[in-house]
Amino acid sequence: MLKAASMEKNKAKVFNVIQIGKRDDLLSRAFDYFIVVVIVVNILCMFLETFDAMAPYMAIIEALESFTVAVFCVEYALRIWTAGLLYGNLSKRKAVLRFLRSYDGIVDLLTILPFFYLKGFVAFRMLRVVRIFHLFRINASYDSFHVITSVLYEKKNQLLSSLFIIGVLVLASSLCMYSAEHDAQPEAFKNALSGIWWSVSALLTVGYGDIYPVTVLGRAMAIVISFLGVMAVAVPTGIISAGFVENYQEALENAQPMGISMITIGIDSAWLGLSPQEVREKYHMVIVMVRRNEVNCLAQDIPMIERGDQVAIYQEYAGKD
C-alpha cells in the first residue's frame, strides 16, 4: 500500500515536471527550456547532416542526434506513464489511448519514428518546433495555437467556399488561356488543363514566368486574371483576420472568468508612449488587446499606447501602472 502511494507521489512529481511549467516552478521551467535546447539541437543536426563539408564531424552529429532522440523517447514514455493524471476523469487505459490519439501524442510519435524506420519522413521532426511556442503561451486555454485552430475551425465553411472559388478560377483561367494561346503556343498550352500551372502562378501571384501569354487576347486575359487572383487571395485572408478579431472580442466578453481585466490609459499613466512589448518587459503585464476609438486592435498591431486607450491585460500580471 505504501509502495503504491509512493509510486503515485513520484508519478505526480514527474507529471508536474514534464508539463508546461508555471513561472514559479523552477524545476518544471528548467525542463521546458532543456527540451527546447534538445529540439533545436535535433533540428540543427538534421540540417547539418546534409552538408558535405560536415563529413569529418558526422560522428559527433550522429551522436548528438541519437542523444536528442533518446530524450524524446524518454519524454514520450513518461507522458504515457502519467497520462492518467492528465486525463483524471478517465481510466488508466483510456487515458493512455486518449494521449496517444491527441495532437501532442501524435506529434511526439511522428518526431521519433523517422529516426528508426521512416527516414524519408525526417521532416516530421520540425513538428517539435510547436513545443517551443507553448513556452510563450499566456495560459493553457488561450495560447496562440489554440486561437489559430479555433479560428480555422470556426471559419472552415467560409474558407472552404473561398478555396472552391479559387479552384473554379484556376480551371476557368486555364481554359481561357488554352483558347487564346493554343494556336500560338501548342507546346505550352497543349490542352485545357495544361494552363493550370500558369493560372496558379498568376492567381496566387507566384509569377515564375516560365509560361506566359504571347497573343494580345491572351495578355488581356492575363491582366484580368491577375487582378482576380489578388482579390481571390485576399478573401481567405480577410476571413481569417475577421475570425481573429471575433475571437479576441469573445475573450474580452468573458474577461472575468479568464482573468483578464480592462484599464483605461489616463494622462498620468506611466504606459503612455510605450509599446505593448515594452509594457510587458518593464511592468510584467501582458496586453491582449487595445480598444481605440471604438475599434478593437490586437496588441501586436499597436506601435504605442495612447491616452484614452482601453487596454486588456491578464490579471496574473495585474498591478498599478
For residues 53-62, which side-chain donor-acceptor pairs fall under 3.5 Å, sequence neighbours excluded?
none

query = Can you tell me if Glu65 uses its side chain to pair, donor with acceptor, with the backbone of Met46 under 3.5 Å?
reply =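 Flag not set: sc Glu65 to bb Met46 has no pair under 3.5 Å.
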
ask   = Heavy-atom count around Lys156 NZ within 6.0 Å, excluding the residue itself: above 12?
value =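 Atom NZ in Lys156 is crowded, with more than 12 foreign heavy atoms closer than 6.0 Å.
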
Considering residues at least two apart in sequence or located in another chain, which fulfil the side-chain hydrogen bond (donor to acceptor under 3.5 Å, both in side chains) criterion with [X]?
X      : result
Ser179 : none
Ser173 : none
Gln310 : none

Checking [X] now: which residues fulfil side-chain contact (heavy atoms from CB on, under 4.5 Å) with it, not counting sequence neighbours?
X     : value
Ser66 : Phe115
Leu27 : Val17, Asp25
Thr82 : Lys11, Val14, Phe15, Ile18
Val74 : Leu78

Listed partners of Arg98 passing salt bridge (Lys or Arg N to Asp or Glu O under 4.0 Å), at least two apart =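 Counting only residues at least two positions away or on another chain, Arg98 forms no salt bridge (Lys or Arg N to Asp or Glu O under 4.0 Å).
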
query = By salt bridge (Lys or Arg N to Asp or Glu O under 4.0 Å), which residues pair with Glu306, not counting sequence neighbours?
reply =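 Partners of Glu306 by the salt bridge (Lys or Arg N to Asp or Glu O under 4.0 Å) criterion, ordered by chain and then number, come out as Arg292.
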
Minimum heavy-atom distance between Asn16 and Ser28, given as atom pair plus value =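 Smallest interatomic distance, heavy atoms only, reads O-OG, 3.0 Å.
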
message = Do Val151 and Ile239 make a side-chain contact, defined as non-hydrogen atoms from C-beta onward lying under 4.5 Å apart?
response =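 They are not in contact (no side-chain heavy atoms under 4.5 Å apart), so the answer is no.
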
task = Kindly give the cluster partners of Val168, where membership spreads through any ILVMFWY side chain lying under 4.5 Å from a current member.
result =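 Grouped by the 4.5 Å side-chain rule, Phe164 form the rest of the cluster around Val168.
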
message = Please give the remaining members of the hydrophobic cluster of Val216, linking ILVMFWY side chains under 4.5 Å, ordered by chain and number.
response =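 Direct or chained contacts put Val216 with none.
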
Can you measure from [atom1] ([X]) to [atom2] ([Y]) and round to the nearest 0.5 angstrom?
X      : Y      : atom1 : atom2 : answer
Leu193 : Leu171 : CG    : CG    : 7.0 Å
Leu169 : Ile225 : CG    : CD1   : 9.0 Å
Asp108 : Phe72  : CG    : CZ    : 9.0 Å
Gln277 : Ile287 : CD    : CD1   : 10.0 Å

task = Could you walk me through whether Val96 and Leu90 pass side-chain contact (heavy atoms from CB on, under 4.5 Å), step by step?
result = CA-CA 9 Å; Val96 171; Leu90 300 177; over 6 Å; no

Under 4.5 Å between side-chain heavy atoms, hopping through other hydrophobics if needed: is there a path connecting [X] to [Y]?
X      : Y      : result
Leu64  : Leu48  : no
Leu175 : Val170 : no
Val224 : Leu217 : yes

request  = Could you give me the CA-CA distance, side-chain angles and deciding distance for Tyr153 and Leu159, then say whether side-chain contact (heavy atoms from CB on, under 4.5 Å) is met?
outcome  = CA-CA 9 Å; Tyr153 180 78; Leu159 289 173; over 6 Å; no

request  = Just say parallel, tilted or perpendicular for the rings of Phe34 and Phe67, cut-offs at 30° and 60°.
outcome  =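 Correct class here is perpendicular.
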
